[in-house]
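Everything on this sheet refers to the single structure shown next.
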Amino acid sequence: MSGGKEIKGQISSIKNTQKITKAMEMVAASKMKKAQMRMAAARPYAKMIKNVVGHLASAHQEYRHPFLVKRESVKRVGLIIISTDRGLCGGLNTNLFKEVLKKVNDWNNQSIEVDVCAIGSKAEKFFKRLNVNLVAQVSHLGDSPEINDVIGSIKIMLDNFTDGNIDELYLAENKFINTMSQEPGIIHLLPTEPNKEDEFSHHWDYIYEPDSKSVIDNLLVRYIESLVYQGIVENVACEMSARMVAMKSASDNASNLIDELQLIYNKARQASITQELSEIVAGAAAV
Amino acid sequence: MSTMHLDIVSAEEEIFSGTVKNLSAAAMMGEVGIFPKHTPMITPLKPGEIKVITENDEEMLFFISGGVLEVQPEVVTVLADTAIRGEDLDEAKAAEAKKRAEEALADKSDNIDAAKALAELAQAAAQLKMIETLRKKSK
């Protein structure tokens, strides 16, 4: 009965792995629910601030903020990329990085340089290897990220934009479609083009207190922050659901593997019994 | 008496959404009271309380650590900050993020600590004030 013991050992080690993947699946499932709730909770703010910025754009204003002005030539762009801190979440990060690489190559071909702000340690590691200009980095935000943690990194990018170091700002993030699918995408942040859906027929303007410049500055910074924050919260939901799905398929694969090995083990066992029997029978016949 | 719709939201959650008769808030230039049909206005808010009279004449108090108030004739929106903000403070956070990127050791200078303390003090004072008003009311 050669190999029987090895196969048995293999089966038990796969069983152990399966236990781990199952536990991770369940943890991810419960975290996913919370993450989705957080994502939903962050939505009203994003919607409201979008409305307000939309109103601002349609209001007749004497002050045009640099964030709203399109630049003629683009020499350098900023890219904020949101990734997870931990792995084992399927192709979530890889798909996003692929998308980003494509875009970065496009920019390189047009001899546009790229400044990167990495959110999440996976992005940091990826871009360190890639040898791009990493200007800001923040990671280990946990499962309930706070806007407080990302203000600094975003400010660096916004300052770079205001100072003219970068001419456009992009955000690379995973869109949460449903539990089974997440879609990587790169969206344009700056210069921003607020929606002008609810156009007012007459010219009107706000009363700005203390003055329009500081109010608009204030608001647009918050607008960009809210977009990035929304992306981060969404990414947590993506991470959890991707991990849940990945771990579920890993557990399923493990049970398939165990079934197959069990079959091989049984066959080997049967073969050895048959052999033993025939040896005994042959021995008896010889006597 | 006419009413208007009020939304108080922060980046992390929705705080209040409903129909109200009026509200008062601590704007950058001083306390403001908003009634329905107010002309469009937009102003930053200081850390402080927002007092709301709902359509059922209930009084509600919310504490916010700053934000933006947008007024339209029928709709009022408060975009509340969850973080303690301040020019120096944001600057400090930016520097921190940069430092992380450069992987250098952080060394916080004195004026950053002072700015943070100041912002925290303003917030704590506003919180205290609200507790006092609440206490007075319960008496």
Side-chain angles (χ1 to χ4, degrees), chain A residues 37-38 40-49 51-53 55-56 59 116-119 124 128 133-139 144-159 200 204-210 212 214-219 221-223 225-226 229-230 233, chain B residues 5-17 25 27-30 32 34 38-46 65-73 75-104 106 112:
Chain A
M37 268 159 59
R38 221 168 284 123
R43 224 165 246 158
Y45 185 87
K47 203 179 119 216
M48 291 296 167
I49 199 157
N51 276 348
V52 175
V53 172
H55 288 166
L56 265 184
V116 173
C117 162
I119 299 175
E124 179 207 339
K128 239 184 233 158
N133 190 13
L134 192 68
V135 292
Q137 191 262 318
V138 56
S139 60
S144 49
E146 283 174 16
I147 205 159
N148 205 358
D149 302 324
V150 289
I151 287 172
S153 322
I154 299 169
K155 190 178 165 60
I156 289 180
M157 287 318 230
L158 295 182
D159 283 351
F200 293 82
W204 63 282
D205 203 356
Y206 285 110
I207 302 171
Y208 298 97
E209 262 184 45
S212 62
S214 67
V215 171
I216 295 171
D217 283 358
N218 213 320
L219 199 68
V221 169
R222 276 169 176 71
Y223 176 59
E225 279 169 6
S226 106
Y229 178 74
Q230 183 78 20
V233 179
Chain B
H5 188 79
L6 169 70
D7 288 299
I8 304 180
V9 290
S10 79
E12 277 149 40
E13 60 184 341
E14 182 167 38
I15 298 168
F16 176 85
S17 175
M28 211 44 121
M29 311 291 287
V32 290
I34 309 288
H38 194 287
T39 184
M41 181 178 89
I42 192 160
T43 175
L45 293 174
K46 284 195 291 194
S65 46
V68 178
L69 173 75
E70 192 228 7
V71 181
Q72 293 279 345
V75 186
V76 177
T77 311
V78 177
L79 303 165
D81 287 340
T82 40
I84 304 169
R85 304 295 293 254
E87 189 64 31
D88 297 356
L89 218 61
D90 287 3
E91 206 75 64
K93 279 180 196 139
E96 235 172 82
K98 204 164 201 164
K99 247 175 226 162
R100 271 198 301 269
E102 290 160 358
E103 288 183 335
I112 290 161

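Keep in mind the model is a prediction, meaning the values are calculated, not measured. Lettering of chains follows the sequences in order, A, B, ..., and the numbering in each one begins at 1.
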*In terms of heavy-atom proximity below 4.5 Å to chain B, should A:S153 be classed as side chain, backbone, both, or neither?*
both
_Per-residue contact mode, A:E146 against chain B (heavy atom under 4.5 angstrom)_ = both
_Going by side chain to side chain donor-acceptor pair (under 3.5 Å), name the residues that satisfy it together with B:T43, two or more places apart in sequence or in a different chain._
none
*Which bit of B:V75 comes within less than 4.5 Å of chain A, counting heavy atoms only: side chain, backbone, both or neither?*
neither
*Under a 4.5 Å heavy-atom cut-off, does chain A meet the side chain of B:E14, its backbone, both or neither?*
both
May I ask you to test the [X]-[Y] pair for a side-chain heavy-atom distance under 4.5 Å?
{"X": "B:T39", "Y": "B:M41", "value": "no"}
{"X": "B:L6", "Y": "B:I34", "value": "no"}
{"X": "A:R222", "Y": "B:L79", "value": "no"}

